[in-house]
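We use all heavy atoms of the structure for the numbers below, so side chains are in, but hydrogens, waters and symmetry mates are not. All ligand and atom numbering here is 1-based and tracks the order in the structure.
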Amino acid sequence: MNDPNDRSEPTESPDLPERVDVAVIGGGLSGLICARALSRAGRDVHVFEAEEEIGGRMRTERHREGFLLDHGFHVTVTGYPSFAREIDAGTLDLQPFDPGCLIARAGRLVPLTDPERGGSLREALAFPLASLGDKWKLRGMRNRLRGEDEAAIRRRPDRAALDHLRGLGFSEKVIGSFFVPFFRGVFLDPDLGISSRYFESVFKALDAGPVGIPAAGTGAIPRQVAAAIPDGAIHTSARVDGLLGDGDAVEGIRVGEREVRAERTVLAVEPSVAAELSGLEMPEYAHRGVTVCYFTADRPPTEEKRLVVVAEPGTWTSHFAVLSNVAPALAPEGRHLLMGAILGTHDIHDGDISEKIRHDMAYYFPHGLTHTWRWLRTVKLPHAQWALEPGMAERLPEARTRRPGLVLAGDLTREPSVEGAIRSGLEAAEAVAGN
Ligand SMILES: Cc1cc2nc3c(=O)[nH]c(=O)nc-3n(C[C@H](O)[C@H](O)[C@H](O)COP(=O)(O)OP(=O)(O)OC[C@H]3O[C@@H](n4cnc5c(N)ncnc54)[C@H](O)[C@@H]3O)c2cc1C
């Protein structure tokens, strides 16, 4: 199993170079993808990452008891087109979820199976939270999206995903008991107000390949990309405080007292930092936060390898799972790892918020000995994702900027996902190469 601390050799900031061809600010997935593409093209490219570790929102930490904890629950969707091209899924040793999900409602876990992926057709037909008409429409939507490319999706009017589903004739029952709770966990959006085009492209990707967790956690993905960047070209603990240059032209970066001159600078940071560092006008990004609690248990409360989504009004917890059922190596031998998530971040003590999640999970695992579970960690992420609202895609900034020498990357140029980060990194590399 890969060790999360076993990365391609990032160097700490004292060894910063004086001059580079391309400086990439931010060692999240987008910055690493950009740097890998440019270094493959023969450019002298260096990555400057503020934190001690690369990976940005896709980090995995090793807990002192040996658990591998993602910095927020993350799933790997192999059906994203750029992911499939750019990431070697084989070496990730992806541990797939069982298709479908469990819907937590009124004290019961109702299975939603996928008969096209090995689930029982009888169980699918018996699913009580959707009418036969809904099931038929779901199948129709899936088949239509399978036959369409992204351009076709983009040609449709963009509106709130919720209105789109209503427009397709889905019943309020299936919207409330499946679409909203399931996609709330994906988009961290409470009521499906996000762009219907984005919703459709994610729905299509979820259907196009297995969804899982790398055996060593989500951090294995940025580490795989970083491993193809030359040793010594990734600098961690190197927070960029400002850009160098004359007027609008950008001629490098400042890291504390140090200056690094660069022909081109790629800014691959979160939306909240990008406007401040670049001075560029950016659209308003509505941030979506999440709080994730990890627990360990001696015995798993279920053998299920499906995600549980909560469709119970008034419940704090949005989704939960027994992660070690899906990816056993995330827990030490003989131990089990569970995760529960709440939308948003709340001004509540970490231990108290974990009790709320434990309480919600206990309702669905009445024989799960939840009182014996031990809380491991709470992760609060106020800026986990941003809401790609209807019509917003047209207003997103492009890789090329009005400032000579400065190129933009980061999911902020595309969509708030792994796919968005990969595409943005590739587009930034193209913009650098074409300049
Ligand atoms: C909890 C959670 C769950 C998610 N789940 C999914 C999912 O299931 N599927 C999916 O597709 N997407 C998911 N996402 C979204 C996905 O992780 C992001 O879209 C993607 O990782 C963004 O990559 P990025 O490179 O654009 O930005 P980041 O990963 O945010 O990278 C930006 C980097 O810039 C660094 N930085 C910031 N300021 C400076 C500075 N001044 N100097 C130097 N470095 C700086 C940061 O430390 C960071 O490493 C999730 C995100 C979170 C947080």
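Shown in contact with Gly72 at under 4.0 Å from a heavy atom are these atoms of ligand 1, numbered in order with element: 1 (C). Near Phe48, meaning under 4.0 Å from one of its heavy atoms, ligand 1 places the atoms 43 (C), 44 (N). Listed by number with element, the atoms of ligand 1 under 4.0 angstrom from any heavy atom of Arg239 are 41 (N), 42 (N). Residue Gly410 has at least one heavy-atom neighbour below 4.0 Å for each of these atoms of ligand 1: 26 (O). Distances below 4.0 Å separate heavy atoms of Ile25 from the following atoms of ligand 1: 42 (N), 43 (C). Atom numbering of ligand 1 starts at 1 in the shown order; those under 4.0 Å from a heavy atom of Gly28 are 25 (O), 29 (O), 31 (O), 33 (C), 49 (O). Of all the atoms in ligand 1, the ones that sit under 4.0 Å from a non-hydrogen atom of Ala268 are 32 (C), 33 (C), 34 (O). Interface atoms of ligand 1 facing Ala384, defined by a heavy-atom separation under 4.0 Å, are 51 (C), 52 (C), 53 (C).
Leu69 CG to Thr218 OG1: the interatomic distance, rounded to the nearest 0.5 Å, is 13.0 Å. Ser195 OG to Glu200 CD: the interatomic distance, rounded to the nearest 0.5 Å, is 9.0 Å. Rounded to the nearest 0.5 angstrom, Glu61 CD and Asp70 CG are separated by 9.5 Å. Summarising the geometry, atom CG belonging to Leu408 is positioned 13.5 Å from atom CZ belonging to Arg414; distances are rounded to the nearest 0.5 Å. Taking OG of Ser417 as the reference point, atom CG of Leu29 lies at 9.5 Å (rounded to 0.5 Å). The line from OG of Ser324 to NZ of Lys305 is 11.0 Å long, rounded to the nearest 0.5 Å.
The protein non-hydrogen atom at the shortest distance from atom 23 (O) of ligand 1 is Ala421 CB, 3.6 Å. Of the protein's non-hydrogen atoms, Glu49 OE2, 2.6 Å is the one closest to atom 47 (O) of ligand 1. With hydrogens left out, the protein atom closest to atom 15 (C) of ligand 1 is Pro416 O, 3.8 Å, a heavy atom. What sits closest to atom 18 (C) of ligand 1 on the protein, heavy atoms only, is Asp411 OD2, 3.6 Å. In this structure, the protein non-hydrogen atom closest to atom 13 (C) of ligand 1 is His74 CE1, 3.4 Å. The protein heavy atom nearest to atom 29 (O) of ligand 1 is Arg57 N, 2.9 Å. If you check which protein heavy atom lies closest to atom 34 (O) of ligand 1, you get Gly26 CA, 3.4 Å. When hydrogens are left out, the protein atom nearest atom 11 (O) of ligand 1 is Val418 N, 2.8 Å; that is the closest non-hydrogen contact.
For the ligand labelled ligand 1, residue Leu381 lies inside the 4.0 Å heavy-atom shell. Distances shorter than 4.0 angstrom occur between a heavy atom of Ala238 and an atom of ligand 1. Gly420 does not count as a contact of ligand 1, since none of its heavy atoms falls under 4.0 Å from the ligand.
A donor-acceptor pair shorter than 3.5 Å can be found between the side chains of Arg423 and Ser82.
Of the N or O atoms in Val75, one or more lie within a sub-3.5 Å distance of an N or O in ligand 1. Distances between N or O atoms of Glu419 and those of ligand 1 include no value under 3.5 Å. For ligand 1, the polar-atom distance check finds no N/O of Leu277 at less than 3.5 Å from any of the ligand's N/O atoms.
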Original post:
Given the rule in the side chain to side chain donor-acceptor pair (under 3.5 Å) test, do Tyr364 and Glu312 qualify, once you have shown the distances and angles that lead to the verdict?
Top reply: CA-CA 11 Å; Tyr364 290 98; Glu312 184 78 58; 3.1 Å; yes
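Look at Glu415 and Arg197 and you find no salt bridge, because none of the NZ, NE, NH1 or NH2 atoms lies under 4.0 Å from a carboxylate O. With salt bridges taken as basic N to acidic carboxylate O contacts below 4.0 Å, none links Arg184 and Asp191.
Taking each heavy atom of Cys293 and Ile353 in turn, the nearest pair found is SG-CG2, 3.8 Å.
Of all the heavy atoms of Phe73, the ones lying under 4.0 Å from any atom of ligand 1 belong exclusively to the backbone. Of the heavy atoms in Val273, only side-chain atoms (C-beta onward) come closer than 4.0 Å to ligand 1.
Taking only non-hydrogen atoms, the option from Glu415, Glu276, Met58 nearest to atom 21 (O) of ligand 1 is Met58.
Partners of Asp189 by salt bridge (charged side-chain N to carboxylate O under 4.0 Å, His left out), not counting sequence neighbours, listed by chain and number: Arg288.
Note on ring orientation: taking the six-membered ring where Trp is involved, the planes of Tyr198 and Phe187 are tilted (angle from 30° to 60°). Aromatic ring orientation, Phe179 versus Phe183: parallel (interplanar angle below 30°, classes split at 30° and 60°).
Between Phe320 and the choices Phe73, Trp373, Phe365, Tyr294, the ring pair (Phe, Tyr, Trp, His ring centres under 6.0 Å) rule is met once, by Phe365.
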